[in-house]
Amino acid sequence: MMSIEWLSVLLAVFAGAIRASTPFLLISLGECLTEKSGRINVGLEGTLVTGAMAGYAVSYVSGSPWLGVMAAGFAGTSLGLIHGVACSFRRVNDIAVGIALLILGTGLGIFLGKPFIQPQAPLLPAVDLAWWTEVPQIRAALQINPLFVFGIALALAMAWFFANTRPGLIVRAVGDSSAATAALGIRINTVRTLSTAIGGFFAGMGGASLSLFYPGSWHEGLSSGQGLMAVVLVIFARWDPLRCIYAALLFGGAGALGPALQSIGISEGYHLFNAAPYLLTLGIMLFEYSPGRRIGGAPGELTLFR
Amino acid sequence: MGRDEAALQVSALSKRFGDVVALKDADLHLATGSFHALLGENGAGKSTLARCVIGLVQPDAGRIEIDARERRIGSPKEAHDWGVGMVHQHFSLVPNMTVAENLVTSKFTGSWIIDWRREVRDLDDFCSRMPFTVDLSAPVSSLAAGEKQKVEILKQLFLGHHILILDEPTSVLTLEEADELFGMLRQRTQRGELSVLLITHKLREVFKFAEVVSVLRRGQVVARGSVQEFTSDDLAHHMVGESGLPTVVARENKTAGRTGIQVRDLVVRSDKGIDAVKGADLTVRSGEIVGVAGVSGNGQRELLEVLAGQRQATTGSVEVHGARYHATRHEMLEHGVFFLPEEPLRTASVASMTLAENLAFRGFDQPPLCRRRWVLSRDRMKSRARDLVARYRIKAANVDVPIEQLSGGNVQRTVLARELSAGVQVLVASNPCFGLDVGAVAEIHSQIMAARNRGAAVLMVSEDLDELMALSDRIIVMFEGRFVHEVAAADADLQVIGRHMTGGHHATTS
């Protein structure tokens with residue numbers, strides 16, 4: 001009896017990890033692209049909320065959840081463009097602009113999203129990986145968010161992009177040494193603005209993955225700080241898109257621990273378990289930021305590490 | 001193409017930055033296949049001229065001809081199209097990328113998707129025709145300075161440039177590395193494949209490698225001709241102009257006195273968390289200058305940061321005048337410990353504070369600048385600052401300007417004035433003349449020598465061997481965190497020192 005209960009906890013953590021990690025994955029990939037180009041966008045929490053709202057609204061109005069995903073992406077791109085263009089002016093600090101966009105994006109999402117709190121928009125269909133089994137718990141656990149599959153493909157594509165394409169090398173070069181790229185006649189601000197805008201697209205999709213997949217809905221407290229964690233995830237992943245997958249799964253899994261334990265009746269310390277991702281964040285920060293040591297793999301132009 | 005034909009002809013080039021005239025009707029004739037040195041002090045306009053030719057700066061007036069065709073060069077890409085490349089003063093490599101990735105990124109054209117197998121084959125093929133080898137798969141951040149500079153030059157040749165501008169390329173190299181590089185370039189110019197414009201202020205390089213020399217002063221070419229027509233005194237005088245060179249204070253003969261600095265078994269960790277200083281023992285007595293030679297990145301910076309209180313040692317001890325020393329403000333005052341660090345604007349000044357405030361850092365909490373230990377007297381601070389500005393010939397509008405508005409040489413003079421005006425008993429200097437012009441160098445050397453003659457114990461780290469030979473009583477070579485060689489400056493052999501700096505002693509001792 002006990003063993004079946006623990007198996008279902010494991011399954012629930014696994015399912016929860018995949019469900020909760022989808023926004024983490026997309027948002028960390030977006031942040032990874034931005035940071036590789038040498039800027040930090042700490043405003044992705046705002047992008048996440050705006051993206052979730054825009055995706056839900058467009059899905060409701062048009063009837064197509066996929067159109068909603070695209071709308072969420074473009075909403076993220078718009079916020080990314082604001083960040084990118086603002087930071088192209090001299091003496092503008094990327095972190096300050098990011099904080100402004102965090103507040104703007106969150107407020108905009110909540111303000112424009114008011115009419116969409118009640119109605120039910122069409123959601124994204126799940127990818128069914130459970131064709132081989134009849135066990136209901138396993139079948140439920142293997143209904144995967146299609147945007148998670150997209151995120152995995154995106155991580156692979158980004159890793160390939162950074163290693164094997166000319167634009168990929170240029171993004172890395174711009175992020176690591178602006179002096180070197182200026183000597184090559186590359187327009188640094190253009191590269192960074194584009195990277196932030198495209199990164200914003202992925203983060204916006206991360207928002208849609210929250211509102212447009214089971215048990216999707218749009219409400220004001222939809223994102224509970226996942227967007228803020230993007231910066232930590234990318235540090236934890238050492239600016240490697242493939243390691244963003246592990247980082248996202250780890251954070252997602254930690255977040256799923258509380259509800260999974262509750263489902264088998266262990267509710268002591270429920271809120272403590274819910275705090276697991278944040279404790280994990282704190283632990284990683286303490287471990288990675290020891291004084292007198294630089295973090296390996298950090299792009300040289302990042303203001304945090306210069 | 002004949003040898004007298006111009007690979008690069010610059011005529012009446014002028015450029016102003018605000019009120020500052022950087023170039024004024026400058027002319028330059030770089031003959032095809034020649035090795036041409038461009039000499040000049042800091043701020044003489046050498047780099048501006050080079051940056052105009054490479055397309056990073058647009059001149060206000062004048063003509064640039066490449067291979068006898070007038071060209072307007074809007075960007076480094078266009079300069080590349082006409083075959084002109086430049087090795088910059090500071091590295092223009094991307095540290096987190098490998099050598100191969102750097103070389104491929106630097107190509108101005110190419111398809112979006114990189115066929116690494118073909119690229120690596122091409123690179124291997126290209127490198128096999130070069131006189132030196134570099135590990136293509138190594139990340140640039142893991143390379144020593146000399147290797148980086150080789151990659152820079154490799155990059156220029158890889159891009160197929162036949163006109164090469166080198167902007168003070170040897171400031172980070174050892175003597176042997178510099179000779180090897182210039183030797184290789186010299187061979188190529190002699191075969192007529194390459195024309196080199198070498199920007200430098202090192203006369204040794206001019207006489208050893210260049211055929212033709214031009215001297216820039218205040219934006220104008222004041223002398224030009226074949227190198228044989230000049231003596232080094234001629235060239236120095238052309239560089240500094242009528243005012244002439246100040247003479248360096250002579251070394252007084254005296255025996256070293258009591259122990260100033262005593263370092264025992266010091267281990268220091270670098271920013272990366274690895275041991276940068278691996279057990280260093282060192283004694284500096286009063287009345288002597290101990291010079292530490294070494295390629296940068298061998299632990300010198302970490303060693304000095306411990307002495308300056310900017311870094312904690314892992315193990316080991318430091319004593320000053322026989323007492324344990326932890327680099328507290330109290331100990332510095334008591335023992336008269338002062339510093340001339342490199343990059344003084346970053347490491348020894350607060351950029352946004354005024355010249356007077358920066359000059360008062362050592363004594364602001366002591367009388368007479370301060371009453372009852374708490375109340376500062378700004379009037380006394382300013383009058384003392386005016387006095388120092390006059391004595392050390394600091395060029396500034398007044399003492400209330402933020403120090404960041406001063407030129408590099410004047411920031412250096414400011415820190416010098418602050419650190420040397422009080423009673424110096426122990427002086428720690430790190431590349432005190434890096435990037436300064438001939439006049440300022442002579443002045444700073446004089447001040448350091450005078451401090452020694454007054455009985456200060458001086459520890460000086462420098463990458464400039466000539467400077468170490470001129471000033472030191474003893475020279476110690478630092479390599480990979482250890483002191484590997486020690487010699488009295490009078491008996492020092494540059495070749496031996498150079499070998500120890502690059503780790504060559506392993507071959508002879510083991």
Side-chain angles (χ1 to χ4, degrees), chain A residues 32 35-38 91 157-192 194 234-235 237-241 243 287-302 304-306, chain B residues 51 54-56 73-81 85-98 100-117 119 139-141 148 151-152 155-156 159 167 268-274 276 302 305 310-312 314:
Chain A
C32 181
E35 290 195 16
K36 276 276 191 194
S37 80
R91 289 171 173 271
M158 271 173 65
W160 181 82
F161 169 79
F162 284 133
N164 294 299
T165 68
R166 178 164 301 279
L169 287 182
I170 287 175
V171 169
R172 284 169 60 200
V174 168
D176 210 24
S177 167
S178 54
T181 34
L184 293 175
I186 292 168
R187 281 198 296 254
I188 294 165
N189 279 329
T190 312
V191 174
R192 288 184 176 161
L194 278 176
V234 173
I235 294 172
R238 306 219 168 220
W239 296 270
D240 178 346
R243 272 189 271 187
F287 179 72
E288 303 270 310
Y289 280 100
S290 54
R293 192 160 67 93
R294 274 184 69 97
I295 297 178
E301 290 289 321
L302 288 184
L304 273 184
F305 303 101
R306 241 182 331 205
Chain B
R51 290 165 71 84
I54 203 74
L56 283 170
I73 303 162
S75 74
K77 162 100 178 61
E78 287 177 39
H80 161 77
D81 290 341
M86 175 159 165
V87 173
H88 295 262
Q89 203 168 358
H90 305 290
F91 292 121
S92 61
L93 298 171
V94 182
N96 275 334
M97 304 207 313
T98 66
E101 284 176 331
N102 263 287
L103 290 173
V104 170
T105 310
S106 69
K107 287 204 291 188
F108 286 86
T109 53
S111 62
W112 267 47
I113 294 171
I114 296 160
D115 179 355
W116 276 113
R117 213 179 316 162
E119 297 287 354
V140 164
S141 56
K148 283 184 195 165
V151 176
E152 293 275 4
K155 182 167 100 182
Q156 296 304 324
L159 292 172
D167 191 358
V268 189
R269 212 165 270 172
S270 76
D271 282 344
K272 288 186 179 137
I274 47 175
E302 285 80 5
E305 282 177 349
Q310 293 167 327
R311 188 178 287 274
Q312 296 288 315
T314 316

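In what follows, every chain begins at residue 1, and chains take the letters A, B, ... in the order their sequences are listed.
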Worksheet item: For B:Q310, does the CD atom sit with more than 12 other heavy atoms under 6.0 Å from it, leaving out its own atoms?
Response: yes
So which part of [X] gets closer than 4.5 Å to some heavy atom of chain A, the side chain, the backbone, both or neither?
X: B:W112; answer: both
X: B:S111; answer: backbone
X: B:L93; answer: backbone
X: B:T105; answer: both

Worksheet item: Can you name the side-chain contact (heavy atoms from CB on, under 4.5 Å) partners of B:L159, sequence neighbours left out?
Response: B:H80, B:S106, B:K107, B:F108, B:K155, B:H161
Worksheet item: Considering all heavy atoms of both residues, which atom of B:M97 and which atom of A:L169 are nearest to each other, and what is their separation?
Response: SD-O, 3.9 Å
Pair up each side-chain donor or acceptor in residues 180-192 of chain A with any protein partner under 3.5 Å, not counting sequence neighbours, and list the distances.
from, atom 1, to, atom 2, distance (Å)
A:T181, OG1, A:S177, O, 3.0
A:T181, OG1, A:S178, O, 3.1
A:N189, OD1, A:R39, NH2, 3.0
A:N189, ND2, A:S88, O, 3.3
A:R192, NE, A:S37, O, 2.8
A:R192, NH2, A:V174, O, 3.0

Worksheet item: Got a second to check how far B:I113's CD1 is from A:W160's CH2, nearest 0.5 Å?
Response: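 B:I113 atom CD1 to A:W160 atom CH2 measures 4.0 Å (nearest 0.5 Å).
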Worksheet item: Under a 4.5 Å heavy-atom cutoff, which of B:K77, B:E101, B:M86 has the most pairs with chain A?
Response: B:E101
Fill in: Any B:N96 side-chain heavy atom under 4.5 Å of A:R172 side chain
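Counting from C-beta outward, B:N96 and A:R172 never come under 4.5 Å.
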